[in-house]
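Read the structure below first, then the notes.
Labels below follow one simple rule: chain letters A, B, ... track the order of the sequence lines, proteins then strands, and each chain is numbered from 1.
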Amino acid sequence: MSVGICVEPPAQHGPVPRTHFAVRGYDLAATLDSGQAFRWRAGPDGSWTGVVRGCWVRLRQTSDGIGAEAALPLRHWHWLADYLQVAVDLDAVLATFPPDPPLRAAVRACYGLRLLRQEPWECLASFILSSTKRIGHIRQIVERLCERFGEPVAVPPGERPAYAFPTAERIARLNARALRACGMGFRAPYLLETARRVADGRFDPAALSALGLEAARARLCELPGVGAKIADCVLLFALGFERAFPLDVWVQRALREWYFPRQRVRPAALRAFVETHFGPHAGYAQQYLFHFMRTGAGRASGRAPCPGGAR
DNA sequence: GTCCAGGAGCCAT
DNA sequence: ATGGCTCATGGA
């Protein structure tokens, strides 16, 4: 199966199992807990534990960046720097946003939120499991899937066991009943068939990065259980298509309340709007609107007609 | 009990 | 093209 853009697994037996990335404007908690990835667990000390490319990782926000530790000494960390996108100049991205009040309010409230660069297969499989599920439930399903079918990975002494995300080959050998037992319901046959296509080479998610946005989206939509929204999540969160704009219920709610209050806007009109309004990093703007709506202005069905003031 | 969730597929207009 | 219905599951 394909492994993604940063191709090598982390080489082991290097000097030390920890490192530090110097980076400004990085809100680690917002980034790891904003519904793009589903495997990060918050510790009581504010650290975050997860598995990236089959490697146990603990991350910590520091005064001048992000600290990382692994279970084993590693020779290099660029796979993690790539995943976290620490080299991205966030301010340069934000400078391309249109200066409208709702987006400004979202950026002010969520500054430091980043897009991750995830592994294509894990991202694709996870978002097939995401449809009409809350983020907490998605985490739960993914965790069960990894515990049951993922390879155990090395963890530091005393840590709870951790597992790699199961490969497409592993899932392709299962049946829908075993998958359903993870709690994924009607999504089981979707994941199974997609895993089969990836495992036998009919579909290579990582290869889509060589295509244009429209062609890559069309290819993803050929997969069972993948429509425009899930396709855009994979394009944005794993393949680096920063114009991809997942239009889920939260973002649609944000757009209707903040950009088209008291109007009847059809989904096609929303689609047309986001494709022209938000610019070359529209997907980044989408993530700010999504996180802002979920955590701030729009929560508890709070009426937030126009965050950021008059329009 | 009722509602809803980072939707998609299918069928009737 | 567009709107409605159904799919399975769990938490509020």
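- Both thresholds, 5.5 Å between centres and 30° between ring planes, are met by A:F290 relative to the base of B:dG6, so the two rings are stacked.
- For A:L236 and B:dG6, the CG to P distance is 17 Å, given to the nearest whole Å.
- The separation between A:Y190 atom OH and C:dC7 atom P is 12 Å, rounded to whole Å.
- Distance CD (A:Q252) to P (B:dG6): 13 Å, rounded to an integer number of Å.
- In terms of position along DNA chain C, the nucleotide closest to A:R266 lies nearer the 5' end than the nucleotide closest to the other residue of the pair A:R266 and A:M184.
- Residue-to-nucleotide contacts include no donor-acceptor pair under 3.5 Å from the side chain of A:Q140 to the base of C:dG11.
- A:R180 has its CZ atom 6 Å from the P atom of C:dA8, to the nearest Å.
- Nucleotides C:dT6 and B:dG6 are separated by 23 Å at their P atoms, to the nearest Å.
- Put simply, CG on A:D248 is 14 Å from C1' on B:dA8, counting in whole angstrom units.
- Among C:dG3, B:dG7, B:dG6, the nucleotide with an atom closest to any side-chain atom of A:T132 is B:dG7.
- The heavy-atom pair separating A:V198 from A:A168 by the smallest distance is CG1-CB, 3.6 Å.
- A:Q85 places a side-chain N or O within donor-acceptor distance of the main-chain N or O of A:D82, the cut-off being under 3.5 Å.
- For A:R196 (side chain) and A:R173 (main-chain N/O), no donor-acceptor pair under 3.5 Å exists by modelled atom type.
- When heavy atoms are screened at a 4.0 angstrom cut-off, A:V251 is found touching base atoms of the nucleic acid.
- Per the geometry, CG belonging to A:D33 stands 12 Å off P belonging to B:dG6, to the nearest Å.
- If you measure from atom CG of A:L191 to atom C1' of C:dA8, you get 15 Å, rounded to the nearest angstrom.
- Within a 6.0 Å radius of CZ in A:R24, other residues, nucleotides and ligands contribute 12 heavy atoms or fewer.
- Across all strands shown, C:dA8 has no partner, as no Watson-Crick or G-U wobble contact with both distances under 3.5 Å is found.
- In this structure, B:dC11 forms a base pair with C:dG3, meeting either the Watson-Crick or the G-U wobble geometry with both donor-acceptor distances under 3.5 Å.
- Listed nucleotides: B:dG7, B:dG6, C:dT2. Nearest to the side chain of A:I135: B:dG6.
- A donor-acceptor pair is defined here as one N or O able to donate and one able to accept, closer than 3.5 Å; no such pair exists between the side chain of A:W250 and the backbone of A:L247.
- In this structure, CZ of A:R253 is placed 12 Å from C1' of B:dC3, rounded to the nearest angstrom.
- Between A:R187 and A:L223, the one whose closest nucleotide on DNA chain B sits nearer the 5' end is A:R187.
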